[in-house]
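This is a predicted model, so every value here is computed, not measured.
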Amino acid sequence: MRRRSLLLAVPAGLATLSACGSDSSDKEADPSGKPSPQSPTPAPSPKIVDGPLPKITSGTAFGEKPTVAKGNGEPSKDLAVRTLIAGNGRTVAEKDFIQAQYLGQTWDDAKVFDNSYDRKTPILIQLAQGGIIDGWRYGLAGKKTGSRVMMAVPPTWGYGEQGNEQAGIKGDDTLVFVVDIENTFNSRSSADGKKVASSDAALPKVGTNTDGKAPSVEVPKSDPPKKLVSEYVLEGDGPEVAQDSTVLVQYKGVLWADGKEFDSTYSRGELTSFSLQQVVPGWAQGLAGKKVGSRVLIVIPPDLGYGDNPPQGSPIKKDSTLVFTVDLLAKM
């Protein structure tokens with residue numbers, strides 16, 4: 001069994017985190033029609049074909065909201081995938097987190113059931129079984145960032161015979177997606193900001209490596225600060241994180257008392273995505289306002305962490321001060 005993040009185990013009285021570090025099969029279908037899975041039951045591997053696919057009548061450039069005609073005739077029973085614009089960035093692999101803009105509509109009537117372009121916020125989702133419909137999982141793996149990909153997804157690799165009633169998707173609907181892949185992230189991803197010198201010898205020193213390996217954290221042998229500390233180690237140039245943002249991160253947590261690690265995405269070999277509204281206050285306050293692409297040192301006093309009610313079975317004791325290094329990879 002995969003070890004879940006300690007950020008999941010927030011005691012009563014503090015904000016809970018329902019998805020951070022959890023198995024992707026814990027997620028439910030999204031009523032908006034986002035490509036979340038209807039069922040964690042895996043479908044057989046599809047045969048991938050080049051078409052048929054509807055025409056894009058306007059918005060043909062990468063990043064532009066497309067207008068897509070309805071399907072002509074019967075759709076394929078196989079998974080139709082075509083790269084409309086070939087990017088030259090990193091290759092997407094299964095279990096990666098991708099950041100993408102997309103539009104989804106039904107084949108027969110071109111009814112748009114969801115699109116991220118109008119929200120002006122790309123989706124951030126993992127290409128993992130149970131975390132997304134299988135059409136995306138199979139259709140986008142192997143594509144490069146900067147690519148626009150069009151797919152026609154039959155029910156077998158979409159929402160199945162049950163469809164998604166809240167999104168207006170019937171059990172026999174073939175779904176058409178246009179996906180602009182902006183970025184991809186995996187367990188080797190790292191912050192890429194510029195080094196920021198620390199002048200406070202009373203604070204922990206965090207490594208500045210950007211090779212995807214866990215940075216070192218050296219905790220001084222002195223009393224911890226009484227208030228929250230949040231400082232750049234590497235400062236990125238991406239958008240600022242808002243208080244209600246969902247973020248994708250690499251992180252490592254150690255105890256101020258002895259410097260011992262108690263939780264780490266690096267140790268688990270997987271990234272973590274969560275809303276800042278679902279974590280302990282020290283995390284939310286420490287990351288709000290920071291830029292994507294940054295590595296942030298956060299020192300959390302007990303009253304903004306676990307206080308006198310630490311997670312059961314963890315190395316965290318009552319009234320522990322926690323030290324985190326957090327790489328902010330993406331937000332939505």
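Shown here is N209, whose CG atom has more than 12 heavy atoms of other residues, nucleotides or ligands within 6.0 Å. Other residues, nucleotides and ligands contribute more than 12 heavy atoms inside 6.0 Å of the CG atom of D172.
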Can you list the steps and then say if D211 with S190 is a side-chain contact (heavy atoms from CB on, under 4.5 Å)? CA-CA 7 Å; D211 55 2; S190 177; over 6 Å; no
Go through I181 and V179 one step at a time and tell me if the side-chain contact (heavy atoms from CB on, under 4.5 Å) criterion holds. CA-CA 6 Å; I181 308 172; V179 183; 4.2 Å; yes
Please walk me through it: do K143 and T83 pass side-chain hydrogen bond (donor to acceptor under 3.5 Å, both in side chains)? CA-CA 8 Å; K143 305 302 182 184; T83 301; 3.0 Å; yes
List the steps, then state whether side-chain contact (heavy atoms from CB on, under 4.5 Å) holds for I98 with W136. CA-CA 11 Å; I98 64 164; W136 276 52; 4.0 Å; yes
Could you give me the CA-CA distance, side-chain angles and deciding distance for Q99 and T184, then say whether side-chain contact (heavy atoms from CB on, under 4.5 Å) is met? CA-CA 6 Å; Q99 192 166 37; T184 187; over 6 Å; no
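Considering only heavy atoms from C-beta on, Q243 stays 4.5 Å or farther from L276 through its side chain. Annotation: side chain of P52 is not in contact with side chain of P75 (no heavy-atom distance under 4.5 Å). Residues V112 and K65 fail the side-chain proximity criterion, which asks for heavy atoms closer than 4.5 Å. In this structure the side chain of T67 reaches within 4.5 angstrom of the side chain of T57, judged on heavy atoms. Residues P204 and L297 meet the side-chain proximity criterion, which asks for heavy atoms closer than 4.5 Å. Inter-residue side-chain proximity for Q105 and K111 is flagged as unmet; no heavy-atom pair is nearer than 4.5 Å. Annotation: side chain of V68 is not in contact with side chain of K55 (no heavy-atom distance under 4.5 Å). The closest side-chain heavy-atom distance from S198 to Y232 is not below 4.5 Å.
In plain terms, the two heavy atoms of L53 and V81 that are nearest each other are CD1-C, 4.5 Å. Of all non-hydrogen atoms in P311 and S314, the two that sit nearest each other are O-OG, 3.0 Å. In plain terms, the two heavy atoms of L79 and A152 that are nearest each other are CD1-O, 3.6 Å. When all heavy atoms of R268 and Y251 are compared, the closest pair comes out as NH2-OH, 3.4 Å. Across all non-hydrogen atoms, the minimal contact from G168 to D173 is O-OD2, 4.1 Å. Between T265 and E270, the closest heavy-atom pair is CB-O, 3.1 Å.
Remark: D109 does not engage K70 in a salt bridge, criterion side-chain N to carboxylate O under 4.0 Å. Under 4.0 Å is where a charged nitrogen must lie from a carboxylate oxygen, and between K317 and D258 no such pair does.
Between the side chain of T106 and the backbone N or O of D108 there is no donor-acceptor pair closer than 3.5 Å. Side-chain N or O atoms of S230 include one that pairs as donor or acceptor with a backbone N or O of G286 at under 3.5 Å. Judged by distance alone, the side chain of D327 and the main-chain N or O of L329 form no donor-acceptor pair under 3.5 Å. Between the side chain of D134 and the backbone N or O of W157, no donor-acceptor pair lies under 3.5 Å. A donor-acceptor pair under 3.5 Å is absent between the side-chain atoms of S116 and the main chain of P122, judged by distance alone. Using a distance-only test at 3.5 Å, with no hydrogens or angles considered, no donor-acceptor pair links the side chain of W107 to the main chain of V153. Under a 3.5 Å cut-off, the side chain of T145 and the backbone N or O of R90 do form a donor-acceptor pair. R295 places no side-chain N or O within 3.5 Å of a backbone atom of T325 that could act as its donor or acceptor partner. For the pair Q126 (side chain) and K95 (backbone), a donor-acceptor distance under 3.5 Å is present. When atom types are taken as modelled, the side chain of Q250 and the backbone of S187 share a donor-acceptor pair closer than 3.5 angstrom.
Taken together through direct or relayed side-chain contacts under 4.5 Å among Ile, Leu, Val, Met, Phe, Trp and Tyr, I316 and V219 form parts of separate hydrophobic clusters. Linking Ile, Leu, Val, Met, Phe, Trp and Tyr residues whenever their side-chain heavy atoms come within less than 4.5 Å leaves V206 and V292 in two separate clusters. Neither V229 nor V241 shares a network with the other; the hydrophobic side chains, linked directly or stepwise wherever heavy atoms of I, L, V, M, F, W or Y lie under 4.5 Å apart, form separate groups for each. Under the 4.5 Å side-chain heavy-atom criterion for grouping Ile, Leu, Val, Met, Phe, Trp and Tyr, I133 is not connected to M150 through any hydrophobic cluster. In the hydrophobic clustering of ILVMFWY residues, with side-chain heavy atoms under 4.5 Å counting as a link, V217 and V299 come out together.
At least one cation-pi condition fails for K213 and Y266: the charged atom is not both under 6.0 angstrom from the six-membered ring centre and inside a 45 degree cone around its axis.
Just one of W256, F324, Y306 meets the ring-ring contact (aromatic ring centres under 6.0 Å, His included) condition when paired with F262; it is F324.
Checked by atom type, the side-chain pair D180/Y117 shows a donor-acceptor distance below 3.5 Å. A donor-acceptor contact closer than 3.5 angstrom links the side chains of E261 and S267.
Atom OH in Y159 sits 7.0 Å away from atom CG in L175 (nearest 0.5 Å). Atom CG in D308 sits 11.0 Å away from atom OG in S320 (nearest 0.5 Å). Between atom OG of residue S147 and atom CD1 of residue I85 there is a gap of 8.5 Å, rounded to the nearest 0.5 Å. Separating the CD atom in E218 from the CG atom in L203 is a distance of 13.0 Å, to the nearest 0.5 Å. Rounded to the nearest 0.5 Å, atoms CD (Q101) and CD (E64) are 12.0 Å apart. Here I48 contributes atom CD1 and Y138 contributes atom OH; the two are 9.0 Å apart, rounded to the nearest 0.5 Å.
Below 30°, between 30° and 60°, or above 60°: for Y102 and F177 the angle between ring planes is between 30° and 60°, a tilted geometry.
For K331, the side chain to side chain donor-acceptor pair (under 3.5 Å) test picks out no residue, with sequence neighbours left out.
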